[in-house]
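As the structure is a computational prediction, the values presented were derived from the model and not from experiment.
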Amino acid sequence: MNPKSFLGLALLLCVTGCSSAVSDQAPSQSPVSSVSSPLPTASAQPLKPSISPSVKPSTSSASPIQTAPPRVSSAQPVPGKRIDPPANSGPLTVKPNPEPEMERDYGVTTPIATTGKVTVRDRIRFLDSDKLLTACPTDTAPYALAESTHYRVQICSGEYDPQLPKYYIGQAKDGGSELRITSSDLNEARQLTFKNGDYTYILYRDGAKPDQSNAYLEVHMPNGKSYAEALFYLYE
């Protein structure tokens, strides 16, 4: 065989064997294709984060963190020693200071023996002027007239003001001297209260039912004692 022919045959066998060996091996990746792309391919599915059942996902940083309001539990009383009130104790009441007891010749609703009625009341303008004890001071007018068991009382108004009581005129039925008082306290005078030194004289005529109760002449003395005589009549 020609040496050239032998060499060509050997070369042909070598090439054929090498091609067969290369075809039996897996194709190798190129350097470029081995680098993973940062962008997913169109056919790739988006990855979903796996969440552990015991861990809750955190809220977005843009939303405020909300916390549950604190639970308020009713305070329990602190146990201590119980003090029971006395068996006969009752509700506490504040008692007003008692007023001095006033001696009255007749009860509030007791008819007066002289008339058989409680105090008769009427308007002073309906009274005849000849029944007055005396004439009132100049520029004044009769304001009230009253009579009790031992006294007669006449009240005269202020000057040019028939609605304002000012002068007190009192007479004792036993022939005693006449008492005259000029009030300098308008508020007291409107209450028919007149003071003479340490003595105070009051025509008390208030009552829830005037037609069923007595009016009184009250006298308050310096020693703290007081007495009241029911009025037979009161014209005012």
Side-chain angles (χ1 to χ4, degrees), residues 95-115 117-129 131-236:
K95 295 183 179 180
N97 294 328
E99 296 181 356
E101 186 68 22
M102 180 176 294
E103 182 182 350
R104 301 177 185 272
D105 57 351
Y106 289 95
V108 176
T109 59
T110 303
I112 302 171
T114 304
T115 62
K117 304 176 181 179
V118 295
T119 302
V120 176
R121 308 177 191 228
D122 208 339
R123 299 286 185 176
I124 187 70
R125 66 173 180 265
F126 299 144
L127 182 67
D128 293 336
S129 58
K131 293 184 178 181
L132 295 174
L133 303 183
T134 184
C136 286
T138 305
D139 300 325
T140 68
Y143 185 90
L145 182 69
E147 180 181 354
S148 66
T149 302
H150 298 98
Y151 298 96
R152 295 185 180 95
V153 176
Q154 179 177 316
I155 307 294
C156 296
S157 71
E159 286 76 8
Y160 309 106
D161 189 354
Q163 303 301 319
L164 175 65
K166 182 177 180 180
Y167 298 99
Y168 176 98
I169 302 171
Q171 292 180 350
K173 289 183 177 181
D174 59 3
S177 61
E178 184 179 84
L179 174 64
R180 288 179 176 258
I181 304 173
T182 301
S183 176
S184 59
D185 190 319
L186 299 182
N187 291 329
E188 289 184 352
R190 289 189 177 93
Q191 301 299 321
L192 297 186
T193 298
F194 299 86
K195 293 183 178 180
N196 181 36
D198 294 332
Y199 287 83
T200 301
Y201 301 86
I202 302 173
L203 284 183
Y204 180 84
R205 75 276 199 212
D206 294 338
K209 298 179 179 180
D211 58 335
Q212 301 178 19
S213 61
N214 286 316
Y216 294 90
L217 169 62
E218 296 181 355
V219 181
H220 300 264
M221 297 177 288
N223 60 6
K225 293 184 178 181
S226 303
Y227 67 90
E229 291 187 358
L231 300 178
F232 301 162
Y233 55 84
L234 173 61
Y235 295 92
E236 183 179 1

Does some side-chain heavy atom of M102 sit less than 4.5 Å from a side-chain heavy atom of H220? yes
Answer whether the closest heavy-atom distance between the side chains of L179 and Y201 falls below 4.5 Å. yes
Using modelled atom types and a 3.5 Å cut-off, is there a donor and acceptor pairing between side-chain atoms of Y216 and backbone atoms of Y106? yes
For T119 and L231, indicate whether the former's side chain and the latter's backbone hold a donor-acceptor pair under 3.5 Å. yes
Any side-chain heavy-atom pair from R180 and Y167 closer than 4.5 angstrom? no
If only atom types and distance count, is the side chain of D174 paired as donor or acceptor with the main-chain N or O of H150 below 3.5 Å? no
Answer yes or no: is there a donor N or O on one side and an acceptor on the other, between the side chain of K195 and the main chain of I181, under 3.5 Å? no
Determine which pairs satisfy disulfide bond (SG atoms under 2.5 Å apart) with at least one residue from residues 195-236, sequence neighbours left out, and list them in order. none
Sub-3.5 Å donor-acceptor pair from the side chain of S183 to the main-chain atoms of F194, do we have one? no
Do the non-hydrogen side-chain atoms of Y204 and L192 ever get within less than 4.5 Å of each other? no
Donor-acceptor pair, distance only, cut-off 3.5 Å: does the side chain of E218 make one with the backbone of S226? no
Pairing residues for Y151 by the ring pair (Phe, Tyr, Trp, His ring centres under 6.0 Å) criterion, not counting sequence neighbours: none
Under the salt bridge (charged side-chain N to carboxylate O under 4.0 Å, His left out) definition, can you give me all pairs with a residue in residues 225-236, not counting sequence neighbours? R205-E236
